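Only one structure is covered here, and it is reproduced in the block below.
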Amino acid sequence: SIQMMSSTDLTKIQSFLNSLINSNENKYYEDDFYIVALNTTIGIDYFLLYKNFENKEKAIVYCNKYIDKLKKCLIVNVQNF
């Protein structure tokens, strides 16, 4: 998956997601996103992830071609969560 954002504040994640979905670009759909929570001894980190891909290479190609909101594509293997 492509990491769109991470934060310790779930409200910030939800607000950013809503801004993507409600943008005039019409290229982001709510069903393509999911939020993952990583609970550690120092707190909870939330990750806004976009789509699932068969492998890292396909995710990188997609990100570089279609995701202009990110300065750098960060690919996350959610199977590790």
Side-chain angles (χ1 to χ4, degrees):
S1 298
I2 299 168
Q3 179 180 318
M4 299 295 286
M5 178 185 185
S6 67
S7 176
T8 57
D9 185 347
L10 182 58
T11 305
K12 287 183 181 178
I13 296 283
Q14 292 168 328
S15 177
F16 184 72
L17 174 59
N18 287 335
S19 71
L20 288 174
I21 293 168
N22 295 324
S23 72
N24 291 333
E25 297 176 47
N26 292 324
K27 67 179 182 178
Y28 298 107
Y29 301 98
E30 188 171 7
D31 291 343
D32 291 333
F33 290 93
Y34 51 101
I35 298 171
V36 175
L38 179 62
N39 195 0
T40 66
T41 56
I42 59 172
I44 301 174
D45 286 306
Y46 299 97
F47 296 84
L48 178 61
L49 304 177
Y50 182 65
K51 295 193 178 237
N52 280 317
F53 296 88
E54 291 177 25
N55 56 52
K56 183 178 180 178
E57 291 76 24
K58 288 184 180 184
I60 291 171
V61 167
Y62 184 93
C63 188
N64 289 331
K65 188 172 183 179
Y66 296 109
I67 309 295
D68 55 1
K69 298 264 184 229
L70 303 175
K71 292 180 183 177
K72 183 176 180 181
C73 295
L74 180 60
I75 309 305
V76 177
N77 183 349
V78 292
Q79 293 176 346
N80 292 336
F81 277 80

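We count residues from 1, following the sequence as given. Quick caveat, the model's predicted, so the values are computed rather than measured.
Between the side chains of Ser1 and Asn52, at least one donor N or O lies within less than 3.5 Å of an accepting N or O.
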TODO: Show the numbers, then the answer: is there a side chain to side chain contact (heavy atoms under 4.5 Å, CB included) between Phe47 and Asp45?
DONE: CA-CA 7 Å; Phe47 296 84; Asp45 286 306; 3.9 Å; yes

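In plain terms, the two heavy atoms of Val76 and Gln3 that are nearest each other are CG2-OE1, 3.6 Å. Listed here is the closest heavy atom pair of Met5 and Phe16: SD-CB, 3.5 Å. Residues Ala59 and Ile2 come closest through the heavy atom pair O-CD1, 3.9 Å.
Within the 4.5 Å cutoff, side-chain heavy atoms of Asn55 are placed close to those of Lys58. Residues Met4 and Leu17 fail the side-chain proximity criterion, which asks for heavy atoms closer than 4.5 Å. No side-chain heavy atom of Ile60 sits less than 4.5 Å from a side-chain heavy atom of Cys73.
The ring-ring contact (aromatic ring centres under 6.0 Å, His included) search around Tyr62 returns Phe53, Tyr66, not counting sequence neighbours. With sequence neighbours excluded, the residues that form a salt bridge (Lys or Arg N to Asp or Glu O under 4.0 Å) with Lys27 are Glu25, Asp68. Listed by chain and number, the residues in a side chain to side chain contact (heavy atoms under 4.5 Å, CB included) with Glu30 are Ile21 (sequence neighbours excluded).
Note: Phe33 and Tyr50 have tilted aromatic rings, judged against thresholds of 30 and 60 degrees for the angle between ring planes.
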